[in-house]
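Working notes, beginning with the structure itself.
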Amino acid sequence: MKQTAVAAKQFGETASAYLTSTVHAQGEDLKRLQTIVGGQSIAKVLDLGCGGGHVSFAVAPSVASVVACDLSVQMLEVVAAAAQQRGLSNIVTQQAQAEKLPFDDASFDIVITRFSAHHWYDVPAGLREAHRVLKTGGRMIVIDIVAPEQPLLDTMLQSVEILRDASHVRDYRISEWSAMLRAVGFATQDAVQQWRLKMVFADWIARMRTPAERVTAIRSLFDGASEEVRHHFAVESDHSFTIDSAFFEAVKS
């Protein structure tokens with residue numbers, strides 16, 4: 001099964017869980033997005049890898065239109081139903097891969113991707129597509145889990161992520177994000193906001209319906225980890241842990 005098919009299957013089966021997930025439905029980053037789009041009533045926004053639609057719901061009241069785009073048809077059905085319930089008639093859905101967007105050049109004023117890119121098969125290709133569909137002067141916003149720069153900690157994070165979710169590709173380091181954004185032509189800067197995000201272990205594995213044998217493996221990895229690793233991820237007695245997130249802004253010049 002191709003990686004894109006794995007991702008579509010995983011999220012199709014867990015779509016409703018992402019709509020109600022506290023980790024995804026709340027956060028200061030959503031408030032920051034609302035501030036950024038405030039006063040841009042004619043803006044067209046692409047929510048790329050929309051998941052449960054939380055970016056779309058946050059920005060729709062302030063802009064002209066939002067396209068909620070995702071690989072999973074079931075996820076888009078959940079988003080469309082929720083948008084209707086919330087009276088957000090300016091949200092439309094579109095099934096597509098981030099790497100192959102069905103939109104014309106310069107179609108959007110703002111492209112936002114939140115907690116999605118670590119599932120993309122080819123992030124540079126997805127960023128090239130985002131750059132293509134943005135108007136000159138348009139803004140790209142990336143919000144995602146980020147890996148530590150230290151290889152030991154990076155390896156640990158990727159290991160528990162892939163055990164928990166077969167659709168995981170990579171949590172990129174901040175240095176990698178900055179390099180990838182520059183490489184496709186964005187005028188970029190360092191992450192403008194960073195924060196720590198607690199993963200409640202029971203909720204984290206339930207959201208993806210992680211098989212029992214993989215849950216056991218994740219617990220074993222945490223239990224056998226060095227003091228340095230356990231301290232960085234703030235591993236608790238129930239195996240809840242804390243990871244790093246970042247908010248990037250880039251402009252198409």
Side-chain angles (χ1 to χ4, degrees), residues 3 6-7 10-11 14 17-18 21-33 47-55 58 70-71 75 98 111-124 126-127 130 140-181 188 190-208 210 214 218 221-222 225 229-236 239-250:
Q3 186 66 27
V6 171
Q10 288 282 91
F11 288 95
T14 60
Y18 274 80
S21 165
T22 301
V23 169
H24 295 82
Q26 299 177 12
E28 291 300 317
D29 57 318
L30 289 175
K31 295 178 182 178
R32 185 182 184 94
L33 288 177
D47 181 3
L48 185 54
C50 65
H54 303 296
V55 165
D70 202 272
L71 190 61
M75 195 75 84
V111 175
I112 305 169
T113 184
R114 179 178 185 257
F115 298 141
S116 169
H118 57 271
H119 297 288
W120 297 359
Y121 179 73
D122 186 342
V123 168
L127 292 178
M140 174 80 191
I141 297 172
V142 176
I143 302 164
D144 210 353
I145 306 304
V146 290
E149 296 289 335
Q150 184 177 355
L152 170 65
L153 302 176
D154 183 328
T155 299
M156 182 66 177
L157 177 61
Q158 312 304 336
S159 298
V160 299
E161 287 270 46
I162 194 65
L163 282 170
R164 180 246 185 178
D165 174 10
S167 72
H168 177 77
V169 176
R170 175 167 175 76
D171 293 322
Y172 294 89
R173 304 175 185 182
I174 286 177
S175 59
E176 290 175 311
W177 271 117
S178 295
M180 288 189 294
L181 287 163
T188 186
D190 292 334
V192 295
Q193 181 182 5
Q194 298 178 51
W195 69 101
R196 301 273 281 167
L197 189 61
K198 181 175 178 177
M199 298 287 106
V200 177
F201 192 82
D203 295 342
W204 182 66
I205 59 172
R207 194 158 52 244
M208 287 309 297
T210 306
R214 290 190 170 214
I218 296 169
L221 272 178
F222 277 136
V229 170
R230 291 179 58 84
H231 175 75
H232 176 84
F233 293 107
V235 181
E236 301 180 13
H239 297 93
S240 295
F241 63 103
T242 301
I243 52 182
D244 299 292
S245 303
F247 187 120
F248 301 85
E249 290 184 56

* Applying salt bridge (Lys or Arg N to Asp or Glu O under 4.0 Å), name anything that partners Arg214, two or more places apart in sequence or on another chain. => none
* Asked: Under the salt bridge (Lys or Arg N to Asp or Glu O under 4.0 Å) test, which residues partner Glu176, sequence neighbours left out?
  -> Arg170
So [Y] and [X], do their side chains get closer than 4.5 Å, heavy atoms only?
{"X": "Trp204", "Y": "Ile218", "result": "yes"}
{"X": "Leu127", "Y": "Val123", "result": "yes"}
{"X": "Val146", "Y": "Phe248", "result": "yes"}
{"X": "Asp165", "Y": "His119", "result": "yes"}
{"X": "Ser159", "Y": "Leu221", "result": "yes"}
{"X": "Leu30", "Y": "Arg114", "result": "yes"}
{"X": "Arg32", "Y": "Glu249", "result": "yes"}
{"X": "Phe115", "Y": "Leu197", "result": "yes"}

Reported [atom1]-to-[atom2] distance for the pair [X] and [Y], which is rounded to 0.5 angstrom:
{"X": "Ile205", "Y": "His239", "atom1": "CD1", "atom2": "NE2", "value": "10.5 Å"}
{"X": "Met140", "Y": "Thr113", "atom1": "CE", "atom2": "OG1", "value": "6.0 Å"}
{"X": "Phe241", "Y": "Glu236", "atom1": "CZ", "atom2": "CD", "value": "10.5 Å"}
{"X": "Met156", "Y": "Arg230", "atom1": "CE", "atom2": "CZ", "value": "8.5 Å"}
{"X": "Asp171", "Y": "Gln158", "atom1": "CG", "atom2": "CD", "value": "5.0 Å"}
{"X": "Lys31", "Y": "Asp29", "atom1": "NZ", "atom2": "CG", "value": "10.5 Å"}

* Asked: Taking the inter-plane angle between the rings of Phe222 and Phe201 on a 0 to 90° scale, is it parallel (under 30°), tilted (30 to 60°) or perpendicular (over 60°)?
  -> perpendicular
Not counting sequence neighbours, which residues clear side chain to side chain donor-acceptor pair (under 3.5 Å) with [X]? List them please.
{"X": "Ser116", "answer": "Trp120"}
{"X": "Ser240", "answer": "Asp238"}
{"X": "Asp144", "answer": "His118"}
{"X": "His232", "answer": "Asp244"}

* Residue list, ring pair (Phe, Tyr, Trp, His ring centres under 6.0 Å) with Phe233, at least two apart or on another chain -> none
* Test log, rule side-chain contact (heavy atoms from CB on, under 4.5 Å), inputs Tyr172 and Met180 -> CA-CA 10 Å; Tyr172 294 89; Met180 288 189 294; 3.8 Å; yes
* **Contacts of Ser175 that satisfy side-chain contact (heavy atoms from CB on, under 4.5 Å) - sequence neighbours left out** => Glu149, Arg173
* **Full working for side-chain contact (heavy atoms from CB on, under 4.5 Å) between Val55 and Ile143** => CA-CA 10 Å; Val55 165; Ile143 302 164; 5.5 Å; no
* Asked: What's the shortest heavy-atom distance between Leu181 and Ala250, and which atoms?
  -> CD2-CB, 4.4 Å
